**Q** 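Could you have a look at this structure, given as structure tokens, before my questions?
All figures in this text were calculated on a predicted structure; none of them were measured in a lab.
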Amino acid sequence: MVISNFEQRLLAKLSGSFEPLGFELIEGKKQLRRQLTNGDFESIIFSVSPYEENDFWIEVNFGVRKTHVETLVQQFLTNRPDFQSDTLTWTTSIGKFKGLKYFRHKVKNNITFGSTTNEITDFFVTSGLPFMEQNQTLSSVDLLFNAAPEKDSRFIYNQVHRCFKGLAAAKLIDSPKLYSLIDMYRFHVIRLGNDEEIERFEQFISFLLYYNPN
């Protein structure tokens, strides 16, 4: 993955703010990552795209990996095997978190570089990091995905994958809603998924019903 000079500058600047908080810069993956327990971690991921000469758009995504959930679902999803160890269980962008559909940060001719990086840092200090810390547990992941199963989730981009991960979280906390969620998410996968995803979802359900997490 190619890192541009602007991205290197951006990552270097932000890592200086986040490394004291326990985040490590993984430059090749364009992200800051903080390790939790049991293989779980938090990530802040940066996507840069050019706008005009010396102008850039910056989109920032963040989320948490629950390794137990990912271990269950990734064997049934179609992600590349070399990507599976980096998958996040839930993820959202600053814009989606704020309810702003098309929000991205803009750096214009480097003039606004400092103010933009300060704005990103301030968001995480006041909102992003507390939210990640509040949503590191299986119970909180269950709430993120399963509190309103009839609606799309703003904490994952692929709504078919949401169905897998929502059921995994429900199973792992022994939720009494598991069977009703299966019915709801089966409907969503049939509506949204392709034939392979539908088949894998049915295999996943069969596996999950007999899975004993203890």
**Q** Strictly below 4.0 Å, N to O, side chains only: are Arg34 and Glu42 in salt-bridge contact?
**A**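 Salt bridge present between Arg34 and Glu42.
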
**Q** Would you call Asp86-Arg33 a salt bridge at under 4.0 Å N-O?
**A**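 Counted as a salt bridge, because a side-chain N and a carboxylate O are separated by less than 4.0 Å.
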
**Q** Is the shortest heavy-atom distance from the side chain of Phe41 to the side chain of Val64 under 4.5 Å?
**A**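 SC-SC contact between Phe41 and Val64 ruled out.
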
**Q** Establish, for the pair Lys98 and Phe103, whether the NZ or CZ atom is under 6.0 angstrom from the six-membered ring centre and no further than 45 degrees off its axis.
**A**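 Positive - Lys98 is close enough to the ring of Phe103 and near enough to its axis.
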
**Q** A side-chain contact here means heavy atoms from C-beta on lying under 4.5 Å apart; do Val69 and Leu138 qualify?
**A**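 Val69 reaches Leu138 side chain to side chain.
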
**Q** Does either side chain, that of Arg162 or that of Tyr157, offer a donor lying less than 3.5 Å from an acceptor on the other one?
**A**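 Per modelled atom types, Arg162 and Tyr157 side chains form no pair under 3.5 Å.
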
**Q** Say you draw a straight line from CD1 of Ile58 to CD of Glu7; how long is it, rounded to the nearest 0.5 Å?
**A**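 The distance works out to 9.5 Å.
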
**Q** Rounded to the nearest 0.5 Å, what separates atom CD1 in Ile190 from atom SG in Cys163?
**A**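 If I round to the nearest 0.5 Å, the distance is 10.5 Å.
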
**Q** Assess whether atom CG of Asp174 is packed by more than 12 heavy atoms of other residues, nucleotides or ligands within 6.0 Å.
**A**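 Check fails, neighbour count at 12 or below.
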
**Q** Would you check if Trp57 and Val48 make a side-chain contact, meaning some heavy-atom pair closer than 4.5 Å?
**A**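 No, side chains not in contact.
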
**Q** If you measure only the distance, is there a donor-acceptor pair under 3.5 Å linking the side chains of Ser140 and Thr137?
**A**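 Result is yes, a qualifying pair exists.
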
**Q** Do Gln35 and Phe23 come close enough that some side-chain heavy atom pair is under 4.5 Å?
**A**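 The answer is no, as the side chains (C-beta and beyond) never meet within the 4.5 Å cut-off.
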
**Q** With side chains defined as the heavy atoms from C-beta onward, is the minimum distance between His188 and Met184 less than 4.5 Å?
**A**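 With C-beta onward as the side chain, the pair touches.
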
**Q** Report yes if the side chains of Ser153 and Ile156 come closer than 4.5 Å at any heavy-atom pair, otherwise no.
**A**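 They are in contact (side-chain heavy atoms under 4.5 Å apart), so the answer is yes.
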
**Q** Using a 3.5 Å distance criterion without hydrogens, assess whether the side chain of Thr87 forms a donor-acceptor pair with backbone atoms of Phe83.
**A**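 No: the side chain of Thr87 does not pair with the backbone of Phe83.
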
**Q** Going by an N to O cut-off under 4.0 Å, is there a salt bridge joining Glu196 and Arg200?
**A**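 Looking at Arg200 together with Glu196, the answer is yes, because their closest N to O distance falls below 4.0 Å.
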
**Q** If we only count heavy atoms from C-beta on, is the Phe123 to Val60 side-chain gap below 4.5 Å?
**A**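 Heavy-atom side-chain distance check fails, nothing below 4.5 Å.
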
**Q** Please report the interatomic distance CZ(Phe155) to OG(Ser93), rounded to the nearest 0.5 Å.
**A**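 Here the rounded value is 10.5 Å.
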
**Q** Please check if the number of heavy atoms outside Lys96 that lie under 6.0 Å from its NZ is greater than 12.
**A**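 Count over threshold, so yes.
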
**Q** Within the side chain of Thr67, is there an N or O that forms a donor-acceptor pair under 3.5 Å with the backbone of Gly39?
**A**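 The answer is yes, because a donor-acceptor pair under 3.5 Å joins these two groups.
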
**Q** Check whether the ring centres of Phe56 and Phe6 lie less than 6.0 Å apart, and answer yes or no.
**A**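 Between Phe6 and Phe56, which both carry aromatic rings, the centre distance is below 6.0 Å.
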
**Q** Under the 6.0 Å and 45° cation-pi test, does Arg9 pair with Phe113?
**A**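 Judged by the rule (NZ or CZ under 6.0 Å from the ring centre, within 45° of its axis), Arg9 counts as positioned above Phe113.
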
**Q** Taking Gln75 for the side chain and Thr71 for the main chain, is one N or O donor matched with an acceptor at less than 3.5 Å?
**A**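 Flag set: sc Gln75 to bb Thr71 pair under 3.5 Å.
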
**Q** Which atoms form the tightest heavy-atom contact between Arg104 and Ser49, and what is the distance?
**A**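 Answer, listing the atom of Arg104 first, then Ser49: NH1-OG, 3.8 Å.
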
**Q** Determine the minimum heavy-atom distance between Val189 and Ile198, stating which atoms define it.
**A**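 Result for this residue pair: O-CG1, 3.7 Å.
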
**Q** Hey, could you give me the OG1/NZ distance between Thr116 and Lys108, rounded to the nearest 0.5 Å?
**A**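 Going from OG1 on Thr116 over to NZ on Lys108, the span is 12.0 Å.
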
**Q** Evaluate the side chain to side chain contact (heavy atoms under 4.5 Å, CB included) criterion for residues Leu208 and Leu72: first the C-alpha distance (whole Å), next the side-chain angles of each, then the deciding distance (0.1 Å), finally the verdict.
**A** CA-CA 8 Å; Leu208 206 63; Leu72 290 182; 4.2 Å; yes

**Q** Using 4.0 Å as the upper bound for N to carboxylate O, is an ion pair formed by Asp40 and Arg65?
**A**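 Here Arg65 does not pair with Asp40 in a salt bridge, since their nearest N and O are not under 4.0 Å apart.
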
**Q** How close do Ile182 and Ile205 get, heavy atom to heavy atom, and via which atoms?
**A**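 Closest approach of Ile182 to Ile205, heavy atoms only: CG2-CD1, 3.7 Å.
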
**Q** Pick one: which of Phe201, Tyr185, Phe145, Phe76 meets ring-ring contact (aromatic ring centres under 6.0 Å, His included) with Phe164?
**A**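 Testing each of Phe201, Tyr185, Phe145, Phe76 against Phe164, the sole residue satisfying ring-ring contact (aromatic ring centres under 6.0 Å, His included) is Phe201.
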
**Q** Supply the atom-to-atom distance Lys165 NZ to Asp142 CG, rounded to the nearest 0.5 angstrom.
**A**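 Rounded to the nearest 0.5 Å, the NZ-CG separation comes out at 15.0 Å.
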
**Q** How long is the span from the OG1 atom in Thr91 to the CZ atom in Phe62, to the nearest 0.5 Å?
**A**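 Spacing of OG1 (Thr91) from CZ (Phe62) equals 8.0 Å.
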
**Q** For the rings on Phe131 and Phe124, is their centre-to-centre separation under 6.0 Å?
**A**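 For Phe131 and Phe124, the ring centres are not under 6.0 Å apart.
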
**Q** Assess, by modelled atom type and distance only, whether the side chains of Glu70 and Thr89 contain a donor and an acceptor separated by less than 3.5 Å.
**A**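 Glu70 vs Thr89: donor-acceptor pair found between side chains.
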
